[in-house]
2 protein chains.
Amino acid sequence: MRRDIFQAIADPTRRAIITLIALQAMTPNAIADNFNTTRQAVSKHLRILTECELVKQQQQGREIYYSLEVEKMKEIDKWLAQFRKIWETRFNQLDNVLATLKKQKR
Amino acid sequence: MRRDIFQAIADPTRRAIITLIALQAMTPNAIADNFNTTRQAVSKHLRILTECELVKQQQQGREIYYSLEVEKMKEIDKWLAQFRKIWETRFNQLDNVLATLKKQKR
DNA sequence: TATATTTGCAACTGATTGGTTTCCTATAGT
DNA sequence: ACTATAGGAAACCAATCAGTTGCAAATATA
């Protein structure tokens, strides 16, 4: 199945689900009520999210509560870190280079 | 076409390309040399990255240099911000909520 | 001017994706 | 025990995707 987090958050519905259950654990039916989708579609998304450990389940009787594995989200943050360095320190250096090139042409 | 950044970074090859050109603009051929792919495959990835404005081109004679639009990467960071709040301040509060629910049912 | 190089673009192919439908199991409530 | 509800799993379908192949346009070089 080879799922990774980046593929998991590629789908807008899945991102919405993540946001939805970030603060409060929810059942598949409750989640589906928030979208224009069927429970089964949500269920499939939840399986993908669970497979890459972005989401964890917690059975409670016949209901299953899904909640966000916030720690896993840090992996995206970790990947972003390398670029954060660039956009923080070398802010508009690229634009400067372009401006310089433009000037030289004239 | 409806491309967004999250879909763009879903592909591992595209993430590698992004990392590669983050520090230095490169031509498609030069980028392809760094992978086990053909130039055309890289070219398609670059088109997708360009479409969602994650990458910008700069023609120089018959060569086209591709470089990262670092500003656009911030959009991912912006989306992550909401969760950063959670993993920084309310560490394992979710488990507490579930534990409380469990207690109330009994 | 003729040839080689760099690149984009379109068409095709096989694999994957999101969604629906259907069926099954397990629990809750009567 | 019976019915209703919650949910997962498999089969299927249309759409999309990544990669390849082939070709055309533009630039460089001889």
Side-chain angles (χ1 to χ4, degrees), chain A residues 1-21 24-68 101 105, chain B residues 1-21 24-67 98 101-106:
Chain A
M1 298 293 135
R2 52 173 40 260
R3 308 244 186 243
D4 67 350
I5 337 169
F6 294 98
Q7 209 180 341
I9 64 164
D11 186 86
T13 307
R14 274 196 298 266
R15 283 202 301 281
I17 291 177
I18 290 176
T19 306
L20 201 60
I21 65 173
Q24 186 183 355
M26 293 178 78
T27 64
N29 264 323
I31 295 170
D33 284 343
N34 286 272
F35 302 106
N36 297 340
T37 339
T38 57
R39 175 193 63 82
Q40 284 87 341
V42 169
S43 207
K44 275 189 89 171
H45 285 306
L46 284 172
R47 215 186 77 169
I48 291 171
L49 291 169
T50 307
E51 266 172 19
C52 67
E53 296 171 312
L54 253 172
V55 148
K56 60 184 168 199
Q57 321 177 7
Q58 195 150 353
Q59 189 118 15
Q60 200 149 352
R62 70 179 160 180
E63 292 176 331
I64 299 179
Y65 283 87
Y66 287 84
S67 60
L68 186 63
L101 279 171
K105 276 235 168 155
Chain B
M1 296 292 135
R2 49 176 39 260
R3 308 242 187 246
D4 67 350
I5 336 169
F6 294 97
Q7 208 179 342
I9 63 164
D11 186 87
T13 306
R14 271 190 307 257
R15 282 202 302 281
I17 291 177
I18 289 176
T19 306
L20 200 61
I21 64 173
Q24 186 183 355
M26 293 178 76
T27 63
N29 263 325
I31 296 170
D33 285 343
N34 285 272
F35 301 105
N36 297 339
T37 340
T38 57
R39 175 193 63 81
Q40 283 89 341
V42 170
S43 208
K44 273 188 90 170
H45 285 306
L46 285 172
R47 215 185 77 167
I48 291 171
L49 291 169
T50 307
E51 265 172 20
C52 67
E53 297 172 311
L54 253 172
V55 149
K56 59 185 165 195
Q57 322 178 6
Q58 192 152 356
Q59 189 117 15
Q60 199 149 352
R62 69 180 161 181
E63 293 176 332
I64 299 178
Y65 282 88
Y66 287 86
S67 60
L98 288 174
L101 278 171
K102 227 174 187 172
K103 268 188 192 165
Q104 287 174 342
K105 278 241 165 156
R106 284 196 229 120

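The figures here come from the full heavy-atom set of this structure, side chains too, leaving out hydrogens, waters and symmetry mates. Sequence lines set the chain letters: A, B, ... in the order given, protein chains first and strands last, and positions in each chain run from 1. Keep in mind the model is a prediction, meaning the values are calculated, not measured.
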### Query
Whole-Å distance between D:dA11 P and A:Lys44 NZ?
12 Å
### Task
Report which part of the nucleic acid B:Ile48 touches: base, sugar-phosphate, or nothing (heavy-atom distance under 4.0 Å, all strands).
sugar-phosphate
### Query
Quick one: on DNA chain D, does B:Glu63 or A:Ser43 contact a more 5' nucleotide (nearest heavy atom)?
A:Ser43
#### Entry: Side-chain heavy atoms of B:Leu46 within contact of B:Ile64, under 4.5 Å
no
### Task
Using a 4.5 Å cut-off on heavy atoms from C-beta on, say whether the side chain of A:Asp4 contacts that of B:Arg15.
yes
#### Entry: Nearest-Å distance for atom pair CD1/P, residues B:Ile9 and D:dA18
13 Å
### Task
Using whole Å, report how far CZ of A:Arg47 lies from P of D:dA6.
22 Å
### Task
Scan residues 26-40 of chain A against DNA chain D and write down, sorted by residue number, each residue with any heavy atom closer than 4.0 Å; if none is found, say none.
A:Thr27, A:Pro28, A:Asn29, A:Arg39, A:Gln40
### Message
With a 4.5 Å cut-off on side-chain heavy atoms, are B:Ile48 and B:Asp11 touching?
### Response
no
### Shortest non-hydrogen contact from B:Ala16 toward B:Phe35
CB-CE2, 3.3 Å
### Query
So, does the side chain of A:Arg62 form a donor-acceptor pair with the base of D:dT5 at under 3.5 Å?
yes
### Task
Return no unless some side-chain N or O of B:His45 is found under 4.0 Å from OP1 or OP2 of D:dC17.
no
#### Entry: Residues which pass side chain to side chain donor-acceptor pair (under 3.5 Å) with B:Arg14, listed by chain and number, not counting sequence neighbours
B:His45
### Task
Check step by step if side chain to side chain contact (heavy atoms under 4.5 Å, CB included) holds for A:Ile17 and A:Val55.
CA-CA 10 Å; A:Ile17 291 177; A:Val55 148; 5.8 Å; no
### Nearest heavy atoms of A:Lys56 and A:Leu68, plus distance in Å
CE-O, 4.2 Å
#### Entry: For atom CD of B:Gln60 and atom C1' of C:dT7, their distance in whole Å
15 Å
### d(CD1, A:Ile17; P, C:dG19) in whole Å
9 Å
### Query
Which listed nucleotide (C:dT17, D:dC17, C:dA11) is nearest to the side chain of A:Gln7?
C:dT17
### Message
Please report the distance, rounded to the nearest Å, between CG in A:Asp11 and P in C:dT16.
### Response
18 Å
### Message
In whole Å, I'd like the distance from the CG atom of B:Leu46 to the C1' atom of C:dT7.
### Response
11 Å
### Message
Need to verify one output field. Residue with the more 5' nearest nucleotide on DNA chain C, B:Tyr65 or A:Ala10?
### Response
B:Tyr65
